[in-house]
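I have placed the structure first, in the form of structure tokens, so that the comments after it can refer back to it.
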2 protein chains.
Amino acid sequence: MTEHLFDDRRITAMGLFTEAFTGLTARVSGQLATHGLSLVEFEVLIRLARSPRSQLRMTDLAAQTQLTTSGITRVVDRLERTGLVRREACPTDRRSSFAVLTDAGRTRMEEVLPGHLELIEHWFTGRLMPDQLSQLLDSLRVVRDAVRPEATSGAARNASECETR
Amino acid sequence: MTEHLFDDRRITAMGLFTEAFTGLTARVSGQLATHGLSLVEFEVLIRLARSPRSQLRMTDLAAQTQLTTSGITRVVDRLERTGLVRREACPTDRRSSFAVLTDAGRTRMEEVLPGHLELIEHWFTGRLMPDQLSQLLDSLRVVRDAVRPEATSGAARNASECETR
DNA sequence: GCTCAACTATATCCTCAACAACTTTCCTCT
DNA sequence: AGAGGAAAGTTGTTGAGGATATAGTTGAGC
């Protein structure tokens, strides 16, 4: 009952998953640091950049990232202090406020993204054959859909609904 | 140059990787919490359990996990306080000290592991067909070997060498 | 209209980990 | 043998982020 239990194939699979991911994010995080951005800050910026009007409610940001709303408050605090993001009141619901990507924020993203994409290509996607990569992504999608907390659709609906100002 | 850049396939690939991993670890972390263990504490315990004599030098623990040596100091502090681990001096190198799994620690692991393995099976390995899983692990191995900082063999050699007491 | 529950953002408290400085011990070079 | 440097571990400080409480806002039911 003793030794082989700790070398179960499920343990090794999980360990492999962990090592691959943490190693990769360490590389990514290191490069972002040279641009003065942390991983979560980059995460927030790119989600804003992808959103219509380059803005999202704080709650939606929290739902899309792995942070709580209080965590988002502080990330946006930092980004606002450096001028990459600004807060804007929601006209239809005075409880809500938007985080909006500023011009400086978009410029910063355009500086950072090419290197970021090269990095992912170099350490991740470029290491695999095309069909090998697509199979990997299929498998990851299966796992993600399994473990994903719940519907993000509700939050998305709220966002678009509040956005019709 | 604007919108499609943020939806590059490399971004989505990285996002998929992130979501799958963070979602999975959230599940794992939640279950471990019900046993009074954090993820890094579990990580330390299982690495000790797998090691000969159930012991590792602090430095080797740091190398195997994603923590610095000072981080390991504090984790082992906590585990020692709860009696799952004890420190032991290295007889051949008085700078080094071992973290040793106690009987209570091994018992705790035997309580926790079955559920842990079931969890991994349920949310991860069991979601995929056998050959799909093995291909996933192959791909993860490629990425891990690419991004892995450096040789862990050096640390392993030191450990075994110090262990011949 | 009023009340109450749900929601949104923020403030406060606490845990945890990185970083840097420091102590002790070991090793190498002369 | 002794000096200088490298290595191992601990500790103070800093900062990020979760949990919870709080204040303001909304909407539904009466």
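This one's a predicted model, so the numbers in the text were calculated from it and none came from an experiment. Just so it is clear: chains get the letters A, B, ... in the order the sequence lines come, proteins before strands, and each one is counted from 1.
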Whole angstroms only, please: what is the [atom1]-[atom2] distance between [X] and [N]?
X	N	atom1	atom2	value
Arg87(A)	dT8(C)	CZ	P	16 Å
Met58(B)	dA7(D)	CE	C1'	15 Å
Glu88(A)	dT8(C)	CD	P	18 Å
Leu37(A)	dA16(D)	CG	P	13 Å
Leu61(B)	dA8(D)	CG	P	13 Å
Leu39(B)	dG18(D)	CG	P	15 Å

Taking side-chain hydrogen bond (donor to acceptor under 3.5 Å, both in side chains) as the test, write out the residues that go with [X], two or more places apart.
X	answer
Glu19(A)	none
Gln135(B)	none
Arg94(B)	none
Arg47(B)	Glu43(B), Gln64(B)

Evaluation steps, side-chain contact (heavy atoms from CB on, under 4.5 Å), between Arg27(A) and His122(A) | CA-CA 11 Å; Arg27(A) 303 277 179 181; His122(A) 182 257; over 6 Å; no
Protein-nucleotides 22-27 of chain C N/O pairs closer than 3.5 Å?
unit_1	atom_1	unit_2	atom_2	d
dC26(C)	OP1	Arg94(B)	N	2.9

Pairs flagged by salt bridge (Lys or Arg N to Asp or Glu O under 4.0 Å) wherever residues 120-130 of chain A is involved - sequence neighbours left out: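 Output for this query lists Glu121(A)-Arg9(B).
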Within residues 66-83 of chain A, those residues having any heavy atom closer than 4.0 Å to DNA chain D are Gln66(A), Leu67(A), Thr68(A), Ser70(A), Gly71(A), Arg74(A), Val75(A), Arg78(A)
Holding to ring pair (Phe, Tyr, Trp, His ring centres under 6.0 Å), I want the full list of residues that pass it with Phe42(B), two or more places apart in sequence or in another chain.
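Result, ring pair (Phe, Tyr, Trp, His ring centres under 6.0 Å) vs Phe42(B): His116(B).
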Contacts satisfying ring pair (Phe, Tyr, Trp, His ring centres under 6.0 Å) that involve residues 65-84 of chain A (not counting sequence neighbours) are none
